[in-house]
Amino acid sequence: MRAIITVIGKDTVGILAKVSSKCAQYNANVIEVTQSILQDLFCMIMLVDLSKLNEPFAELADAMTQLGKEENLSIHTMHEDIFNCMHHI
Amino acid sequence: MINAYDILETIRMIQDECLDIRTITMGISLLDCIDSDIDKACEKVYNKITTCAKDLVSVGEGIEKELGIPIINKRISVTPIAIVSAACKCSPVKFAIAMDKAAKAVGVNLIGGYSALVQKGFSAGDMELINSIPEALACTERVCSSVNVGSTKTGINLDACKLMGKIVRECAEKTVDKACFGAAKLVVFCNAVEDNPFMAGAFHGVGEPDCMINVGVSGPGVVRAALAKYPDADITEIANIIKKTSYKITRVGQLVGQLASKRLGVPFGIVDLSLAPTPAVGDSVAHILEEIGLEQCGTHGTTATLALLNDAVKKGGVMACSKIGGLSGAFIPVSEDAGMIDAAKSGVLCIEKLEAMTAVCSVGLDMIVVPGDTQADTIAAIIADEAAIGMVNSKTTAVRIIPAIGKEVGEELDWGGLFGCGPVMPLKTASASKFINRGGQIPAPMQSLKN
């Protein structure tokens, strides 16, 4: 199972590091990252492999949401299937 | 990897435009619970519902978390209780109590199927059930009821229309202390569908499998936001934009249905691709029509824009999903739609226009508050009118109107939550009693002779 983590918010130092270290903590393997900065808005999309996750998916999702609150970012962790089904025939 | 623009679009649809899965509804057949001893039958009903649906809520919440999309309601529909209770030969209120108890035990917010199908006449159990509806809805919290009084194949049972006019009033009278909420849990249908996942009209038809999962999607806010990006598009382009949006919404419904079906070990029934509004800001069907170009919903042009919307939603959705069913179209419940509430309050949206709208969209006169002194025969005549539209157009129509006992035009009923609030809308005062009291059956139209 793979998930997509999106991070949107004001650009600050160390966002990528914080999100990826959280992934490491849950044993989620980062496969691909794209990021862009539009004016001062940071937008990162991360594809992660969850097949060796050491906790249930829901806990990772909650931890990411919590990290988002602490860092004043909007972080969403969603199964990749929702994007595949919506945008691919 | 998936295109970044697509990912952000999906997130925006969910976060900002109120995209959600409106309901996962588990249909459960109660045919194997029939027993001439009502207490035994009720015990079987309770046991079957709590066994089949024991994981429904937790599975729904798991999918919600995994996909990151809210699933607002988890619900249950059952075999029309008139069929299950026929052998008991007594008032079936105990079944409603058992259903309510089971719904609370498994944690679903509504359970539908306290129903009777009397489009061609009353069989054993039907009359007892219909007469017990006011009490059943008053003494339970989560039970919903529906009665089918007509169909294209059979015509309209005018005796049933008359009876239901009285029952709707009684439901409101018995629940005056709860803002007449009883009547909001009762739907009178023509051409009722057997796999509808939406309440209050959901029931599990006798031709359905023992247990199945149906999904109702939503997303009026997404459609409105998509249209807002093209202020100068011509109407053909508008239809295309709606189709594309509907496709995306329905795909998510299909995914949720498949996941739920797999995890619950229950066959996947259908996706009902309806645009179901809520009173929340940005979740209104009326606002889509206004985005297309009406100053306010209910004015001239409303029927045409709604017809286009309803058709485009179906065309987009039908390719997105392997099995479509239920009501599938745009819903126009007045009290549950912020734009409709405003339009009704300002007087632009009146009941006659709503009636016209029901000829081109998926349901009927839905969640409309009428004056408290409305006579039962007038309600019966409204039911007959609406059933006639359904019968002639070979479509489902329904009446869910709430007589606001003790209130008149200018006042309102407020239930809060998904049911919203509705202003009392004026009705014609000239009587239709003579017509209603003639009784009998309105014959099926020529459209019924298709064989």
Side-chain angles (χ1 to χ4, degrees), chain A residues 1-9 16 19 23 26 28-39 41-51 53 55-69 72-89, chain B residues 1-17 19-21 58-71 215 217 219 222-223 226 243-260 262-263 268 271 273 316-322:
Chain A
M1 164 179 173
R2 302 197 305 181
I4 286 177
I5 301 174
T6 54
V7 184
I8 303 164
L16 177 56
V19 176
C23 287
Y26 285 84
N29 188 27
V30 178
I31 300 169
E32 202 178 326
V33 180
T34 60
Q35 71 168 69
S36 59
I37 293 162
L38 297 167
Q39 292 171 336
L41 196 69
F42 176 86
C43 173
M44 178 173 77
I45 298 170
M46 200 178 242
L47 179 66
V48 292
D49 178 12
L50 306 179
S51 54
L53 213 58
E55 297 281 349
F57 174 85
E59 299 209 4
L60 170 69
D62 287 341
M64 285 296 177
T65 311
Q66 184 58 32
L67 176 67
K69 277 186 193 150
N72 205 17
L73 297 163
S74 164
I75 305 186
H76 301 285
T77 313
M78 296 154 77
H79 197 295
E80 68 167 343
D81 279 356
I82 189 165
F83 304 102
N84 283 329
C85 82
M86 201 183 253
H87 299 286
H88 294 170
I89 291 180
Chain B
M1 191 156 103
I2 306 153
N3 181 319
Y5 174 82
D6 290 343
I7 291 173
L8 294 177
E9 184 192 19
T10 301
I11 290 175
R12 194 182 58 242
M13 284 161 96
I14 297 169
Q15 297 300 319
D16 302 338
E17 297 163 7
L19 173 63
D20 56 50
I21 298 297
S58 60
V59 164
E61 284 168 353
I63 295 171
E64 200 170 350
K65 195 95 189 174
E66 207 168 285
L67 297 180
I69 184 164
I71 300 172
V215 172
V217 298
V222 182
V223 175
K243 269 159 52 182
K244 285 180 195 164
T245 314
S246 168
Y247 173 85
K248 291 175 184 170
I249 296 171
T250 312
R251 291 285 284 176
V252 181
Q254 159 109 340
L255 175 65
V256 168
Q258 282 170 335
L259 283 175
K262 200 169 139 200
R263 289 180 193 179
F268 174 39
V271 175
L273 38 102
V318 86
M319 185 180 159
C321 180
S322 47

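What you see is a predicted model; the values in this text were computed from it and never measured. In what follows, chains carry the letters A, B, and so on, assigned in the order in which the sequence lines appear, proteins first and then strands, with residues in each chain numbered from 1.
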With a 4.5 angstrom heavy-atom cut-off, is it the side chain or the backbone of B:Leu259 that approaches chain A, or both, or neither? neither
Tell me the closest heavy-atom pair linking A:Cys85 and B:Leu255, and the distance in Å. SG-CD2, 3.8 Å
Qualifying residue, where the test is side chain to side chain contact (heavy atoms under 4.5 Å, CB included) with A:Met86 and the options are B:Leu19, B:Ile69, B:Ile7: B:Leu19
Nearest heavy-atom contact between A:Ile82 and B:Leu67 is CD1-O, 3.6 Å
By a 4.5 Å heavy-atom criterion (distance strictly below it), what part of B:Glu9 contacts chain A: side chain, backbone, both, or neither? side chain
Quick one, B:Lys65 and A:Asp62 - any side-chain contact, counting heavy atoms below 4.5 Å? yes
Is any side-chain heavy atom of A:His76 less than 4.5 Å from a side-chain heavy atom of B:Ile14? no
Measure the spacing between SG of A:Cys43 and CD1 of B:Ile11 and express it to the nearest 0.5 Å. 8.0 Å
Name the option with the most non-hydrogen atom pairs under 4.5 Å to chain B; the candidates are A:Met78, A:Met1, A:His87, A:Arg2. A:His87
Short question: side chain of B:Arg251, backbone of A:Ile89 - any donor-acceptor pair under 3.5 Å? no
Tell me, please, which residues at least two apart from B:Asp6 pass side-chain hydrogen bond (donor to acceptor under 3.5 Å, both in side chains). none
Above 12 or not: heavy atoms from other molecules or residues under 6.0 Å from CE of B:Met319? no
Interchain contact, A:Thr77 with chain B, by part (heavy-atom threshold 4.5 Å): backbone
